[in-house]
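Let me begin by presenting the structure, written as structure tokens, before commenting on it.
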Amino acid sequence: MNIYFLGTGTSQGIPIIGSSHPVCKSIDPKDKRLRVSLWMSWNNHSYVIDCGPDFRQQMLAADCQKVDGILFTHEHSDHTAGLDDIRPFNFKQGEMPIYAHQRVIENLKKRFDYVFETENRYPGAPSVKTIEVINDHPFELGGKTVIPINVMHGNLQVFGYRIENFAYLTDVKTVAQEEIDKLKNLEVLVLNALRIEPHTTHFNLQEALSFIALVQPKKVYLTHISHLLGFHEEVQQQLPENVFLAYDNLAITL
């Protein structure tokens, strides 16, 4: 399985518009982060997790030629606002399967009503096929089994996803024990770590490291990073040897 980090930033991205924070002014390309998203591919299958406002730019940077489906974690704009930009894939492939909690599907129907219109559709509108994701109900993608991981983003339910020995969790603040049990024996875990100071709805760095110690994956890549975590190179030097800061356009193979 090939994993490509399309974006590793938080909701505003880095640099933030109008910010004079030193990290926002950094010339290190690893400190420039688009909104969080991931591309997974194997055996000519290609899937994206989340589709934020930088989706078009990310697809061009990654030279992604095909997307077989999009898995949504939750409905927040930094994870969904790029839905209109699936149109080039629609024109080549037809309707796009999207996988999400029913609550998220209903939210998308309100915000992107023209996508779901069945009468008097605009000819160039994006086209999707919705598949509901239900906790404790694994589903199949490209010959692989996907296990939904139910986590909490403050008071909001969010789905992470496990595929074989790889798991992706973002916008996590708390995880029930029965969901932690689904994360044993991981080769690679991708996990959010927003900043140094505590946050009401996201893991900060210490909470992420404590969760990693609990789950004990072989290797971890931290994502959904804000400028308040610090400079990429400085933070990386302080992390355990099996924990890495992800960065935009990082590619790994499992």
Side-chain angles (χ1 to χ4, degrees), residues 1 4 6-7 11 35-56 58-59 62 64-153 155-164 166-172 179 182 190:
M1 184 190 299
Y4 188 104
L6 296 165
S11 58
R35 267 60 74 92
V36 67
S37 182
L38 193 85
W39 174 27
M40 313 174 293
S41 60
W42 62 87
N43 299 336
N44 201 37
H45 298 289
S46 174
Y47 294 91
V48 169
I49 301 180
D50 287 334
C51 177
D54 302 315
F55 183 71
R56 173 183 174 275
Q58 291 166 337
M59 291 291 94
C64 182
Q65 301 294 312
K66 182 182 78 146
V67 173
D68 296 314
I70 300 171
L71 288 71
F72 284 108
T73 58
H74 63 298
E75 63 267 44
H76 285 169
S77 187
D78 53 323
H79 299 260
T80 58
L83 186 60
D84 189 79
D85 285 326
I86 67 171
R87 288 181 296 152
F89 295 114
N90 290 148
F91 299 152
K92 290 198 298 183
Q93 304 167 204
E95 67 180 5
M96 176 73 71
I98 62 172
Y99 301 78
H101 191 286
Q102 188 60 40
R103 182 198 75 242
V104 176
I105 294 171
E106 296 305 318
N107 180 275
L108 294 174
K109 286 180 178 179
K110 292 179 181 178
R111 293 165 54 212
F112 297 92
D113 55 347
Y114 63 98
V115 173
F116 298 88
E117 184 61 66
T118 57
E119 298 180 10
N120 301 316
R121 274 182 61 84
Y122 180 70
S127 177
V128 300
K129 175 185 178 182
T130 60
I131 299 98
E132 181 183 3
V133 177
I134 302 172
N135 196 36
D136 294 325
H137 286 71
F139 57 96
E140 187 270 339
L141 284 183
K144 294 184 183 295
T145 299
V146 181
I147 299 172
I149 309 296
N150 201 57
V151 303
M152 296 302 294
H153 177 31
N155 294 323
L156 182 69
Q157 180 275 344
V158 171
F159 272 133
Y161 297 101
R162 176 173 184 161
I163 304 175
E164 295 180 338
F166 169 78
Y168 182 87
L169 300 179
T170 188
D171 291 53
V172 178
E179 303 302 315
K182 300 175 184 177
V190 178

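Numbers for residues simply follow the sequence, beginning at 1. Values below: all heavy atoms of this structure, side chains included; hydrogens, waters and symmetry mates excluded.
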Inset, instruction - Write down the atom of Phe139, the atom of Pro148, and the distance for their closest heavy-atom approach. - result: CE2-CG, 4.1 Å

Inset, instruction - Begin with the C-alpha distance, continue with both residues' side-chain angles, and end with the deciding distance and a verdict on side chain to side chain contact (heavy atoms under 4.5 Å, CB included) for Ile147 and Tyr161. - result: CA-CA 6 Å; Ile147 299 172; Tyr161 297 101; over 6 Å; no

Legend entry - Cationic N near anionic O, under 4.0 Å, Lys109 to Glu106: yes

Legend entry - Taking every non-hydrogen atom, the tightest pair across Asn44 and Asp68: O-OD2, 3.9 Å

Inset, instruction - Using the test side-chain contact (heavy atoms from CB on, under 4.5 Å), find all partners of Pro126 that sit at least two apart in sequence or belong to another chain. - result: Asp84, Ile86, Arg87, Asn90, Tyr114, Val115

Inset, instruction - Step by step, work out the side chain to side chain contact (heavy atoms under 4.5 Å, CB included) result for Tyr168 and Ile149. - result: CA-CA 9 Å; Tyr168 182 87; Ile149 309 296; over 6 Å; no

Legend entry - Nearest atoms (heavy-atom pairs only) where Trp42 meets Met1: CE3-CG, 3.9 Å

Legend entry - Parallel, tilted or perpendicular: rings of Tyr47 and Tyr99 (30°, 60°): perpendicular

Legend entry - Close side-chain approach of Gln157 and Arg103, heavy atoms under 4.5 Å: yes

Inset, instruction - Answer yes or no: does atom NZ of Lys129 have more than 12 heavy-atom neighbours from other residues, nucleotides or ligands under 6.0 Å? - result: no

Inset, instruction - For a side chain to side chain contact (heavy atoms under 4.5 Å, CB included) with Val48, tell me which candidate from Ile98, Leu6, Leu38 qualifies. - result: Leu6

Inset, instruction - Report yes if some heavy atom in the side chain of Thr130 is under 4.5 Å from a heavy atom in the side chain of Glu95; otherwise report no. - result: no

Legend entry - Heavy-atom closest contact (Phe112 atom, Thr80 atom, distance): CZ-O, 3.8 Å

Inset, instruction - Decide if atom NZ of Lys92 counts as having more than 12 heavy atoms of other residues, nucleotides or ligands within a radius under 6.0 Å. - result: yes

Inset, instruction - Would you kindly say whether Asp171 and His76 are connected by a side-chain donor-acceptor distance under 3.5 Å? - result: no

Legend entry - Over all atoms of both residues, closest heavy-atom pair of Val128 and Phe116: CG2-CE2, 3.6 Å

Legend entry - Student check: side-chain heavy atoms of Met96 and Val67 closer than 4.5 Å: yes

Legend entry - Nearest-0.5 Å distance, CG of residue Asn150 to CD1 of residue Ile134: 12.0 Å

Inset, instruction - Sequence neighbours left out, what passes side-chain contact (heavy atoms from CB on, under 4.5 Å) with Asn107? Give chain and number order. - result: Glu75, Arg111

Legend entry - Rounded distance [0.5 Å steps], CE in Met152 versus NE2 in His74: 11.5 Å

Inset, instruction - Measure the CD-CG distance between Glu179 and Asn135 for me, rounded to the nearest 0.5 Å. - result: 4.5 Å

Legend entry - Derivation and outcome, side chain to side chain contact (heavy atoms under 4.5 Å, CB included), residues Thr170 and His79: CA-CA 10 Å; Thr170 188; His79 299 260; 3.9 Å; yes

Legend entry - Check: His137 and Glu132 side chains under 4.5 Å, non-hydrogen atoms: no

Inset, instruction - Just do the side chain to side chain contact (heavy atoms under 4.5 Å, CB included) check on Ile163 and Met40 with the steps written out, would you? - result: CA-CA 10 Å; Ile163 304 175; Met40 313 174 293; 3.7 Å; yes

Inset, instruction - Decide yes or no for Ile49 and Thr73: does some side-chain heavy atom of the first lie under 4.5 Å from some side-chain heavy atom of the second? - result: yes

Legend entry - Asn43 and Lys144: side chain donor to acceptor below 3.5 Å: no

Legend entry - Heavy-atom side-chain contact between Leu83 and Phe72 under 4.5 Å: yes

Inset, instruction - Mark yes or no for whether Arg35, through its side chain, and Ala81, through its backbone, hold a donor-acceptor pair below 3.5 Å. - result: no

Inset, instruction - State, with a plain yes or no, whether a side-chain heavy atom of Met59 is found less than 4.5 Å away from one of Pro88. - result: no

Legend entry - Closest non-hydrogen atom pair between Cys64 and Ser46, with its separation: SG-OG, 4.1 Å

Legend entry - Backbone N/O of Asp50 and side chain of Ser37: donor-acceptor pair under 3.5 Å: yes

